Amino acid sequence: MINIKRVKNLRKAHVAAGPVLYWMSRDQRVDDNWALAYAVELSEDNDQPVMVAFCMVNDFLGATWRQYHFMLKALAKVEAQLHALNIPFSLLMGEPVTTITNFLRLHKISHLVTDFDPLKIKQEWQQQVAGQNDISFDVVDAHNIVPCHLASDKEEFAAYTFRPKVTRLLPEFLDEFPPLIRQPGNHQLQRINWNAVSIGLKTDFSVRPVEWLEPGEQGAKVTFGKFLETGLRCYATKRNDPNEKCTSGLSPYLHFGHISAQRIALELIKNFPRNENIDAFLEELIVRRELSDNFCYYNRNYDNYKSFRPWALNTLEEHSGDKREYTYAHAQFEEAKTHDTLWNAAQYQLVHTGTLHGYLRMYWAKKILEWSASPEKAMEIAVALNDRYQLDGRDPNGYTGCAWSIGGVHDRAWGERNVFGKIRYMNRKGCERKFDVEKYIQRFSK
Ligand code: FO1
């Protein structure tokens with residue numbers, strides 16, 4: 001039984017019996033997925049079949065072939081896993097509101113379930129589908145351990161205000177997932193022609209897929225296993241060193257929902273004694289990640305300058321006229337053509353591997369603030385480059401990371417200085433104190 005508090009009802013209706021549909025969107029996995037578990041529960045309660053559909057849209061928030069390729073490879077595995085459970089899977093293409101509405105009518109769906117996503121575009125899709133269809137429609141938070149709408153009913157100021165609210169609710173929501181069993185019914189389980197799907201896709205094919213990690217649940221499990229064996233033991237001490245392999249590398253999988261944060265937390269707590277590594281990792285995985293959903297859910301300007309707190313807007317405003325030692329345009333940043341070899345190496349890693357080490361993401365974004373004509377422009381450029389090249393772009397974590405670096409969101413005021421005002425400053429000397437900068441530059445330069 002799923003904890004019903006994870007379920008947020010968008011619309012109630014008393015429709016004649018019919019199949020239950022899970023409209024999969026954010027959490028693109030079969031295992032440990034509360035939205036799927038809830039849809040299966042409803043289908044059993046009503047003695048109706050359960051179906052799953054994913055609606056693919058073109059040019060989703062500037063996504064390129066790099067992200068679509070990763071996503072589609074994994075969705076093909078989702079199809080196989082659902083078929084093994086005798087659950088039909090449909091890949092729909094087109095504008096979601098119309099496409100989902102047509103699917104609901106065609107299959108006489110009686111109950112619609114989808115997964116929670118704080119992004120504006122998803123909230124919009126869900127509101128419109130609810131408005132256009134007189135059907136029972138529930139949203140289930142399958143991404144956060146503590147459901148976003150329960151952890152807090154407002155935008156939180158910082159991790160220290162949010163942490164106690166999440167921690168208090170963890171015992172209730174760190175529960176085990178129900179087993180997924182093979183479903184009854186004789187469905188004709190058509191297989192999707194995945195090659196045709198990518199041919200029909202409109203996106204920017206110039207950003208190439210990455211080969212260094214395996215998309216999907218299996219790849220996520222292997223990556224998690226590797227982290228447990230090697231990275232976890234140096235996480236607390238060396239997670240800020242991009243030359244060390246002490247981070248989990250799970251963010252692309254978490255972004256697409258190929259692995260459940262709750263599963264990760266359950267495994268860690270069950271199999272490892274609490275120590276500084278586990279505590280530091282759970283702080284990132286639970287408090288920081290759920291705080292970024294909180295920020296995006298309650299602050300509609302999460303992807304732009306207007307989301308910054310008043311103190312930050314004032315200080316950036318006061319220093320907007322400061323003389324910039326260097327000023328670069330979007331293209332110069334994108335082509336890694338700044339005067340700073342460290343920043344260029346970070347941009348090079350981002351463009352060619354689709355990921356950037358957490359510590360360097362902060363340095364990378366803060367230098368965009370320092371070398372852009374204005375803080376508004378800086379936020380625009382950071383979000384655009386992040387979303388274009390990061391495998392985990394278009395994610396609440398990414399928007400929040402840029403807002404933290406450039407607008408001090410969830411941070412406090414620091415000593416005042418040129419251009420930054422009271423926004424926390426980072427520089428190359430700070431990096432040199434943390435890790436071997438020259439070694440990093442050797443690894444990631446042309
Ligand atoms: N979600 C969808 O429901 N349909 C899509 O076609 C889709 C494409 C897509 C491409 C890149 C990417 O990074 C995310 C994409 N997502 C899509 C959304 C994703 O599943 C996440 O829900 C959000 O990006 C993060 O909240």
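Just so you know, these numbers come straight off a predicted model, no measurement behind them. Whatever order the structure lists them in is the order used to number ligands and atoms, beginning at 1.
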Option set F256, F54, Y68, criterion heavy-atom distance to atom 17 (C) of ligand 1, minimum: F54
A student checking ligand 1 against G393 at a 4.0 Å heavy-atom cut-off should list atoms 13 (O)
Taking only non-hydrogen atoms of M56 and a 4.0 Å limit, the atoms of ligand 1 in range are 6 (O)
Nearest-0.5 Å distance, CZ of residue F256 to OG of residue S251: 10.5 Å
Could you tell me whether K165 atom NZ has more than 12 heavy atoms of other residues or ligands within 6.0 Å of it? yes
Which option wins on minimum heavy-atom distance to atom 9 (C) of ligand 1: W23, F60, W125, F70? F60
Quick check on the 6.0 Å ring-centre criterion: do Y359 and Y363 meet it? no
Could you walk me through whether W65 and R208 pass the side-chain contact (heavy atoms from CB on, under 4.5 Å) check? CA-CA 6 Å; W65 177 230; R208 307 306 306 147; 3.7 Å; yes
Nearest atoms (heavy-atom pairs only) where L92 meets A53: CD1-CB, 4.0 Å
Please determine whether any non-hydrogen atom of P396 lies less than 4.0 Å from an atom of ligand 1. yes
Does the N or O separation between K122 and ligand 1 drop below 3.5 Å for any pair? yes
Would you check whether H255 has a nitrogen or oxygen atom less than 3.5 angstrom from a nitrogen or oxygen atom of ligand 1? yes
Over 60° means perpendicular and under 30° means parallel, so tell me whether F89 and W194 are parallel, tilted or perpendicular. parallel
Between R26 and D293, does any side-chain N to carboxylate O distance fall below 4.0 Å? yes
For ligand 1, which part of D117 has a heavy atom less than 4.0 Å away: the side chain, the backbone, both, or neither? side chain
A63 neighbourhood, listing ligand 1 atoms whose heavy-atom distance to it stays under 4.0 Å: 10 (C), 11 (C)
Would you check whether V57 has a nitrogen or oxygen atom less than 3.5 angstrom from a nitrogen or oxygen atom of ligand 1? yes
Please work out whether any backbone atom (N, CA, C, O) or any side-chain heavy atom from C-beta onward of S25 is under 4.0 Å from ligand 1, and answer side chain, backbone, both or neither. both
Which of the numbered atoms in ligand 1 are under 4.0 angstrom from any heavy atom belonging to Q28? 20 (O)
Is there a nitrogen or oxygen of C55 sitting under 3.5 Å from a nitrogen or oxygen of ligand 1? yes
Regarding R424 and D411, does a basic nitrogen lie under 4.0 Å from an acidic carboxylate oxygen? yes
Taking 4.0 angstrom as the limit, do K77 and E214 come out as a salt bridge? yes
Just go through R394, H69, M71 and tell me whose heavy atom is the nearest to atom 25 (C) of ligand 1. R394
